[in-house]
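As the structure is a computational prediction, the values presented were derived from the model and not from experiment. Nothing fancy with the numbering, it's 1 onward along the sequence.
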Amino acid sequence: MAAVDIVHVPYRGGAPAIVDMIGGRVDFFITNLGDVAGPLRDGALRLLAVADDTGHPNFPAPRLSANIPGFGIAGWFAACAPRSMPREAVAAWAEAIRAGLERPEWRKRLLDNGLTPSFEPPEVLAARMEANRRQFRALIEGAGIRAD
């Protein structure tokens with residue numbers, strides 16, 4: 001979307017990439033705020049921009065969509081279960097997660113660690129996952145990106 005030519009360097013997790021970023025061995029790193037909240041707070045890394053158009057209250061930065069129109073995506077984490085899990089159990093887990101995310105001490109802890117607490121019911125999350133799949137499939141195909 002930015003029409004730039006970059007080389008993807010695969011890492012086995014965020015920690016080795018963060019070490020290389022701090023050590024000056026890579027020029028930039030795209031990840032979620034949760035991976036880099038500590039190094040950002042400590043001043044070891046500098047936040048250049050965020051892809052989530054809602055931003056983050058504890059980590060203010062320009063939005064990527066301001067320079068790359070249409071580039072707005074929120075990173076998310078989800079609790080998943082086997083398809084065979086009974087609906088009642090899914091509903092109970094969803095309610096427990098929703099209630100937990102409303103607890104002030106958990107909200108603060110998540111925000112302090114670069115995460116934005118947000119609850120989506122299972123059907124809304126499934127729709128988000130499918131929309132992200134379609135969005136990235138179109139982007140990957142349009143850019144001719146392929147795994148070697």
Side-chain angles (χ1 to χ4, degrees), residues 1-40 45-102 106-107 109-148:
M1 292 177 77
V4 295
D5 186 21
I6 60 174
V7 175
H8 173 254
V9 178
Y11 282 90
R12 295 188 119 175
I18 292 167
V19 168
D20 278 358
M21 187 73 209
I22 292 170
R25 289 178 285 281
V26 295
D27 295 320
F28 70 97
F29 175 47
I30 299 172
T31 189
N32 63 63
L33 281 172
D35 284 347
V36 292
L40 288 171
L45 294 177
R46 181 175 54 157
L47 183 61
L48 300 177
V50 294
D52 184 345
D53 281 336
T54 62
H56 193 283
N58 295 0
F59 298 94
R63 309 305 194 267
L64 279 173
S65 61
N67 292 305
I68 307 169
F71 193 99
I73 185 156
W76 47 266
F77 294 91
C80 298
R83 286 188 185 270
S84 60
M85 181 180 257
R87 286 186 180 275
E88 299 79 23
V90 171
W93 272 99
E95 177 53 26
I97 292 167
R98 185 203 57 72
L101 289 173
E102 289 182 358
W106 278 103
R107 292 186 70 76
R109 187 168 184 177
L110 291 168
L111 284 165
D112 288 349
N113 285 288
L115 304 172
T116 304
S118 175
F119 174 77
E120 292 179 333
E123 58 280 358
V124 174
L125 176 61
R128 173 190 290 275
M129 292 170 75
E130 182 55 33
N132 281 174
R133 212 176 280 119
R134 283 192 309 271
Q135 175 187 14
F136 284 108
R137 182 180 300 124
L139 180 63
I140 288 166
E141 291 172 357
I145 298 170
R146 61 182 178 80
D148 291 331

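The nearest pair of heavy atoms linking L111 to N58 is O-ND2, 3.2 Å. When all heavy atoms of V19 and R25 are compared, the closest pair comes out as O-NH2, 3.5 Å. Scanning all heavy atoms of the two residues, the minimum distance from T116 to G55 falls at OG1-O, 4.5 Å. Between P117 and L110 the shortest heavy-atom distance is CB-CD1, 3.8 Å. Counting all heavy atoms, side chain and backbone alike, R107 lies closest to L101 at CG-O, 2.8 Å. Across F59 and A37, no two heavy atoms sit closer than the pair CZ-CB, 3.7 Å.
Two residues are said to be in side-chain contact when any heavy atoms from C-beta on lie closer than 4.5 Å; T54 and R63 fail this criterion. Looking only at side-chain heavy atoms (C-beta outward), V50 and H56 stay at 4.5 Å or farther from each other. Counting heavy atoms from C-beta outward, L33 and L40 have side chains that approach closer than 4.5 Å.
Once rounded to the nearest 0.5 Å, the distance linking CG of L64 with CG of L48 reads 9.0 Å. Distance check, rounded to the nearest 0.5 Å: CZ of R46 to CE of M21 gives 9.0 Å. Here the straight-line distance linking atom CD1 of I97 with atom CZ of F119 works out to 7.0 Å at 0.5 Å rounding. If you take CG on N132 and CH2 on W76, they are separated by 6.0 Å, rounding to the nearest 0.5 Å. One distance of note links CG of N113 with CG of D35; it measures 11.0 Å at 0.5 Å rounding.
The number of heavy-atom neighbours closer than 6.0 Å to CZ of R98, taken from other residues, nucleotides and ligands shown, is above 12.
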Going through the checks in order, is the side chain to side chain contact (heavy atoms under 4.5 Å, CB included) test met by Y11 and T31? CA-CA 11 Å; Y11 282 90; T31 189; over 6 Å; no

